[in-house]
Amino acid sequence: MLAVVSAFLFACSGGDESSASGDNGDGVTLDFWVFGATNYEDLAKEYEEQNPDVTINVKRSELGDHHDSLFTSISAGTGAPDLTMIEVDQLDRYREGQERFVNLYDLGAEEIQDNYLDWKWNMAENGEGDFLFGLPTDIGPKAMYYHTGVFENAGLPTDPDEVSEMISTPQEFADAAGKVLDETGKPMVDSMEMAFRANMDALEVSYFNRDGELLIEESGNGVKEAYDYAVELNEQGYVGNFEMWTPEWANALNKGEFGVEMAPAWLKGYMTENAPEGKGNWKVTTLPTDFAGNWGGSYMAIPAETENEEAAYEFSKWLLSPENQLKSFTESGLFPSAPEVYEMEEFVNNKDEYFGGQNTASVFAEAAKEIPEVYKGPKYVTVNNEILTALRNVQEGGDPQQEWDAALKRIEDILKR
């Protein structure tokens, strides 16, 4: 890892991290690195009140800066925090440096294993299953957000159960997309990325096997099938050109400029804050089984250089307990990886006013149980970005096969570096 860290230095946020931790004179100080919208600062303060001998310094960064800084400090063997979040797509990036993390099995983590979904827990193990990189935080089970106005104008049902029954296969999804386009002139899906991820997020094996071998040129590889499905939907006119996180995309959510969003539970928070005019016009139902997958979520890991691994573990175990996962869900929309939460009264009776009072949590809980355990590989994000570039080029008029071949060439060149 030390040999390759220089390649990442340019992307690091640098300079503002504190590597100090340990005994603060009156107890233990823990440096805790987080990213994204969580309620972990508030929970850290609550823990400090319950444990006056523990001080927790929370540092928040953007997702990319967070992981680049963490990778740099882990590789250099200095400057890492006592406790850190690691996003699921980034986890395999750190596997080669297993010795630079604390094995949570050495701290007794097997005692709480039954608290969490099996697939989520297993993804944090090494290949032999005797090393645990981190405890499960949230997950991103995917479901189908659909605009009731668009569906109604297309002559499609708008009740969640009826929609789920009508669209239960990829072909039925395409058939419904045809009706939406014919009757409303609108695309079914917002972007090529979402059309691609429909199948991609459901793959147990995608770009790499656990030996690091690139698989996408092999016959029957699911990535090419996911690519071809997105291309086919686009050729039929079923895919819009609303790239995620852009103002145009937020406006399309507001106005109902496309039919569905095949996305994780965490999208609810974004829609509520950034597409307020869509309130009452969107509902959620299950995806076709072939599309069942996870997008997002994280783990809580302890870098090996900490002098307070026991204290860091005790805090993370408390932070990610079912009771506190419920708080993170209700306060920040982090979907629980502890299935015990799905039976708690506040979860069962949860209602989303944005979605017309629907209990969307139950839909995502059902989806969470159907998610397969997947392996992504250290270069997953980099390789995936090249395929997304190819798909965007196709939407702009590029030849699908030529763009696929060009993406493979770029990927091969990247992996040779």
Side-chain angles (χ1 to χ4, degrees), residues 1-25 27-36 40 44 54-109 123-135 137 210 212 298-317 319 376-382 414-415 417:
M1 294 180 73
L2 286 171
V4 300
V5 69
S6 60
F8 294 92
L9 289 175
F10 75 96
C12 298
S13 58
D16 62 340
E17 301 100 54
S18 171
S19 61
S21 63
D23 193 327
N24 63 12
V28 172
T29 297
L30 300 176
D31 288 333
F32 179 27
W33 288 6
V34 305
F35 61 86
Y40 292 161
V54 178
T55 299
I56 302 169
N57 296 327
V58 181
K59 175 197 169 187
R60 176 182 301 279
S61 304
E62 293 299 320
L63 185 145
D65 289 341
H66 169 93
H67 288 96
D68 286 334
S69 294
L70 180 63
F71 188 85
T72 298
S73 59
I74 290 294
S75 301
T78 183
D82 299 283
L83 186 66
T84 183
M85 291 175 66
I86 299 180
E87 200 265 345
V88 62
D89 285 353
Q90 300 277 347
L91 183 62
D92 289 333
R93 180 180 179 186
Y94 299 91
R95 289 188 187 274
E96 296 173 358
Q98 174 177 305
E99 72 283 356
R100 299 181 187 266
F101 290 90
V102 173
N103 182 0
L104 300 188
Y105 281 139
D106 291 343
L107 299 177
M123 284 178 64
E125 291 183 329
N126 65 352
E128 293 73 32
D130 57 6
F131 189 102
L132 187 70
F133 284 87
L135 295 182
T137 63
R210 288 189 177 274
S298 302
Y299 292 91
M300 206 68 70
I302 302 175
E305 69 182 77
T306 180
E307 297 178 357
N308 301 289
E309 61 182 48
E310 292 283 354
Y313 175 71
E314 288 302 317
F315 169 61
S316 61
K317 184 170 66 172
L319 181 71
K376 298 193 177 231
K379 297 287 186 180
Y380 175 88
V381 174
T382 301
I414 289 172
L415 296 180
R417 296 174 187 169

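Note: hydrogens, waters and symmetry copies are ignored here, and every other heavy atom, side chains too, is used. Numbering starts at 1 and runs along the sequence shown.
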- Message: One pair to check against side-chain contact (heavy atoms from CB on, under 4.5 Å): I86 and Y94. What are the steps and the verdict?
- Response: CA-CA 9 Å; I86 299 180; Y94 299 91; 4.0 Å; yes

- For I74 and P303, the nearest pair of non-hydrogen atoms, with its separation, is CD1-CB, 3.7 Å

- For the student: nearest non-hydrogen atoms of T29 and N308, plus distance: O-ND2, 3.9 Å

- Query: Are the side chain of N57 and the backbone of D31 linked by a donor-acceptor contact shorter than 3.5 Å?
  - Reply: no

- Task: Output yes when a side-chain donor or acceptor of N126 lies under 3.5 Å from a complementary backbone atom of D130, and no otherwise.
- Result: yes

- Note on the structure: Distance col, row D82:CG vs L30:CG, nearest 0.5 angstrom, shows 5.0 Å

- Query: So which of S316, S298, S61 actually passes side-chain contact (heavy atoms from CB on, under 4.5 Å) with M85?
  - Reply: S298

- Task: Without swapping roles, check the side chain of D92 against the backbone of G377 for a donor-acceptor pair under 3.5 Å.
- Result: yes

- Item | Residues forming a ring-ring contact (aromatic ring centres under 6.0 Å, His included) with F35, sequence neighbours excluded | H66, H67

- Note on the structure: Heavy-atom nearest pair, G134 first then Y299, reads O-CD2, 3.8 Å

- Item | E87: side-chain hydrogen bond (donor to acceptor under 3.5 Å, both in side chains) partners, not counting sequence neighbours | none

- Nearest heavy-atom neighbours spanning L70 and P81: CD1-CD, 4.1 Å

- Would a distance-only check, ignoring hydrogens and angles, find a side-chain to backbone donor-acceptor pair under 3.5 Å from R95 to E125? yes

- Which atom pair, heavy atoms only, marks the closest approach of F131 to F101? CZ-O, 3.5 Å

- Any Lys/Arg nitrogen of D89 or K376 sitting under 4.0 Å from an Asp/Glu carboxylate oxygen of the other? yes

- Candidate pair Q90 and Y380, rule side-chain contact (heavy atoms from CB on, under 4.5 Å), full reasoning: CA-CA 8 Å; Q90 300 277 347; Y380 175 88; over 6 Å; no

- Any Lys/Arg nitrogen of D68 or R93 sitting under 4.0 Å from an Asp/Glu carboxylate oxygen of the other? yes

- Query: Roughly how far apart are M300 CE and L135 CG, rounded to 0.5 Å?
  - Reply: 8.0 Å

- Query: Does F315 have any ring-ring contact (aromatic ring centres under 6.0 Å, His included) partners at least two apart in sequence or in another chain, and if so, which?
  - Reply: F32, Y47

- Item | Worked verdict on I302 versus L107 for side-chain contact (heavy atoms from CB on, under 4.5 Å) | CA-CA 11 Å; I302 302 175; L107 299 177; 4.3 Å; yes

